[in-house]
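Inspection log for the structure reproduced underneath, given as structure tokens.
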Amino acid sequence: MTDVAALWADLRDEGDELDALVADLPEDRWSTPTPAPGWTVAHQIAHLAWTDDWTLRSVRDPAGFHPAATELLAGPSEFEGIVDHGAAIGAALRPAELLARWRLGRREVLAALAEVSSDTRLPWFGPPMKAPSMATARIMETWAHGDDVAQALGVERKPTARLRHIAHLGVRTLGFAFSAHGLAVPSEPVRVELTGPDGEEWSWGPAGAADRIAGPALDFCLLVAQRRHPDDLALRVTGPVATAWVPIAQVFAGPPGTGREPQQG
């Protein structure tokens with residue numbers, strides 16, 4: 001059973017950790033390029049603010065969410081273009097204004113999700129989600145885009161136990177990753193065994209499964225968030241299903257991501 005109080009705290013803390021990276025950032029450094037092509041630090045924060053706006057729309061006007069999303073997606077741009085456009089609008093703001101907007105949105109999302117009934121499914125661009133799952137998705141996005149910001153600024157972040165939320169979402173989206181690539185969803189289970197930042201062991205799937213992925217939790221989260229190329233990660237992969245999953249793993253909604261180029265020589 002989900003400890004919702006701890007979940008809300010983790011969502012708050014993930015945002016606060018990224019906030020600390022940019023709170024005192026000189027204005028000119030907001031234009032620092034990040035590993036996402038064409039995206040600066042400002043684009044990363046603007047995207048999070050944009051997604052928070054849509055999260056609030058999902059909570060406050062669930063009946064109007066899909067008509068608004070359909071209208072958004074009916075334009076000439078593909079989904080990636082719409083996301084880029086939303087980020088570009090926010091990135092054009094003065095950094096202080098963008099930071100204030102993001103901070104306000106984070107507070108409103110946290111308060112709004114905490115008031116949603118546990119049985120309510122909220123509309124989204126992918127499958128509808130209950131409030132705890134929506135909060136988990138917000139943790140994942142904040143962490144993933146925070147990784148881009150940290151790389152751009154040359155900061156090494158210390159992994160936390162909040163990675164468990166991202167790893168859990170990564171396991172649950174196995175079927176989505178295959179279907180997003182037009183592939184049949186495997187019926188064979190995959191066992192995922194990860195070592196958390198403090199040495200704790202996390203696992204999903206039947207212990208006797210032939211298909212397995214094992215390694216550091218950080219590496220698995222970087223994989224499913226498509227923040228590192230599989231060749232740069234210390235994951236042990238066994239079995240045809242697990243092997244096929246690794247290059248297409250995707251924890252975020254939308255069309256298949258392009259991933260990152262390998263960093264190793």
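Nothing fancy with the numbering, it's 1 onward along the sequence.
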Worksheet item: Roughly how far, to the nearest 0.5 Å, is CG of Leu194 from CD of Glu200?
Response: 10.5 Å
Worksheet item: Got Arg227 and Arg260 here, is their nearest side-chain heavy-atom distance under 4.5 Å?
Response: yes
Discussion item. Donor-acceptor pair, distance only, cut-off 3.5 Å: does the side chain of Asp211 make one with the backbone of Val241?
Written reply: yes
Worksheet entry | Lys/Arg N to Asp/Glu carboxylate O, Arg101 vs Asp52, below 4.0 Å | no
Worksheet item: Should the heavy atoms of other residues, nucleotides or ligands under 6.0 Å from CD of Glu261 be counted, would the total exceed 12?
Response: no
Item to complete: Provide the closest heavy-atom pair for Pro256 versus Gln250 in the form atom of the first, atom of the second, distance.
Response: CA-OE1, 3.1 Å
Worksheet item: Do other residues, nucleotides or ligands put more than 12 heavy atoms under 6.0 Å from Asp28 CG?
Response: yes
Worksheet item: Between Thr120 and Val116, is there a donor-acceptor pair closer than 3.5 Å when you use the side chain of the first and the backbone of the second?
Response: no
Worksheet entry | Transitive ILVMFWY side-chain link Leu7 to Leu18, under 4.5 Å | no
Worksheet item: Atom OG1 in Thr142, atom CD in Gln44: separation rounded to 0.5 Å?
Response: 11.5 Å
Worksheet entry | Path from Val4 to Leu110 over hydrophobic side-chain contacts below 4.5 Å | yes
Response to the item:
The side-chain contact (heavy atoms from CB on, under 4.5 Å) partner of Ile166 among Glu14, Glu141, Met140 is Met140
Discussion item. Any heavy-atom pair between the side chains of Val171 and His168 that's under 4.5 Å?
Written reply: no
Discussion item. Show the nearest heavy-atom pair for residues Val59 and Pro62, with the distance to one decimal.
Written reply: O-CD, 3.6 Å
Discussion item. Let me confirm one number: the CZ-CD1 distance from Phe125 to Ile82, rounded to the nearest 0.5 Å.
Written reply: 8.0 Å
Discussion item. Quick check on the hydrophobic clustering: are Val237 and Leu183 connected, directly or via other members, by side-chain heavy-atom contacts under 4.5 Å?
Written reply: yes
Fill in: Backbone N/O of Leu169 and side chain of Thr173: donor-acceptor pair under 3.5 Å
yes
Discussion item. How close do Gly126 and Ala253 get, counting heavy atoms only, and between which atoms?
Written reply: N-CB, 4.4 Å
Practice prompt. Could you check if a side-chain atom of Leu21 sits within less than 4.5 angstrom of a side-chain atom of Arg157, using non-hydrogen atoms only?
Written response: yes
Worksheet item: Is there a side-chain contact between Pro128 and Pro123, using heavy atoms and a 4.5 Å cut-off?
Response: no
Item to complete: Using a cut-off of 6.0 Å, state whether more than 12 heavy atoms not belonging to Arg60 lie near its atom CZ.
Response: yes
Item to complete: Give a yes or no on whether Leu99 and Trp50 share a hydrophobic cluster (residues Ile, Leu, Val, Met, Phe, Trp, Tyr; joining criterion: side-chain heavy atoms under 4.5 Å apart).
Response: no
Worksheet item: To the nearest 0.5 Å, how far apart are CD in Glu108 and CG in Asp53?
Response: 8.5 Å
Discussion item. Can you give me the closest heavy-atom contact between Leu153 and Leu25, atom names plus distance?
Written reply: CD2-CD1, 3.9 Å
Practice prompt. Can you measure from CZ (Arg212) to CG (Leu235) and round to the nearest 0.5 angstrom?
Written response: 14.0 Å
Worksheet item: What's the spacing between Asp13 CG and Asp19 CG if we round to 0.5 Å?
Response: 12.0 Å
Discussion item. Check for me, please, whether Leu48 and Val109 land in the same ILVMFWY cluster - side-chain distances under 4.5 Å, paths through other members count.
Written reply: no
Worksheet item: Does Asp219 pair with Arg228 as a salt bridge, N-O distance under 4.0 Å?
Response: no
Worksheet item: What is the minimum heavy-atom distance between Arg29 and Ala152, and which atoms define it?
Response: NH2-O, 4.4 Å
Practice prompt. Decide yes or no for Trp30 and Ile45: does some side-chain heavy atom of the first lie under 4.5 Å from some side-chain heavy atom of the second?
Written response: yes
Worksheet item: Any cation-pi pair here, Arg12 with Trp8, using under 6.0 Å and within 45°?
Response: no
Worksheet item: Would you say His85 has more than 12 foreign heavy atoms packed within less than 6.0 Å of its NE2?
Response: no
Worksheet item: If every non-hydrogen atom of Trp202 is compared with every non-hydrogen atom of Pro197, which pair is closest and at what distance?
Response: CH2-CD, 3.8 Å
Fill in: Contact check, side chains of Trp102 and Val22, non-hydrogen atoms, under 4.5 Å
yes
Discussion item. The test is side chain to side chain contact (heavy atoms under 4.5 Å, CB included); show your working for Ile213 and Arg236 and say whether it passes.
Written reply: CA-CA 6 Å; Ile213 295 179; Arg236 302 181 300 278; over 6 Å; no
Worksheet item: Are the side chain of Ser58 and the backbone N or O of Trp54 linked by a donor-acceptor pair below 3.5 Å?
Response: no
Practice prompt. Determine, stepwise, if the pair His43 / Thr34 fulfils side chain to side chain contact (heavy atoms under 4.5 Å, CB included).
Written response: CA-CA 9 Å; His43 284 82; Thr34 69; over 6 Å; no
Discussion item. With side chain to side chain contact (heavy atoms under 4.5 Å, CB included) as the criterion, how do Phe220 and Val246 come out once you've worked through the C-alpha distance, each side chain's angles and the decisive distance to 0.1 Å?
Written reply: CA-CA 9 Å; Phe220 181 76; Val246 164; over 6 Å; no
Worksheet item: Charged N to carboxylate O under 4.0 angstrom, Arg191 versus Glu193?
Response: yes
Discussion item. Looking only at the aromatic ring of each residue, does the gap between the centers of His165 and Trp143 stay below 6.0 angstrom?
Written reply: no
Discussion item. Go through it in stages, so that I can follow the logic: the residues are Phe252 and Phe176, the test is ring pair (Phe, Tyr, Trp, His ring centres under 6.0 Å), and I'd like the CA-CA distance, side-chain angles, deciding distance and then a yes or no.
Written reply: CA-CA 9 Å; Phe252 49 88; Phe176 166 74; 8.1 Å; no
Item to complete: For residues Trp39 and Asp148, determine if any side-chain heavy atom of one lies less than 4.5 Å from a side-chain heavy atom of the other.
Response: no
Discussion item. Do Asp16 and Arg106 make a side-chain contact, defined as non-hydrogen atoms from C-beta onward lying under 4.5 Å apart?
Written reply: yes
Discussion item. When you measure from the side chain of His229 to the backbone of Asp231, do you find a donor-acceptor pair of N or O atoms at a distance under 3.5 Å?
Written reply: yes
Practice prompt. Could you check Leu122 against Leu113 for side chain to side chain contact (heavy atoms under 4.5 Å, CB included), going step by step and ending with a plain yes or no?
Written response: CA-CA 10 Å; Leu122 300 168; Leu113 288 177; 3.8 Å; yes
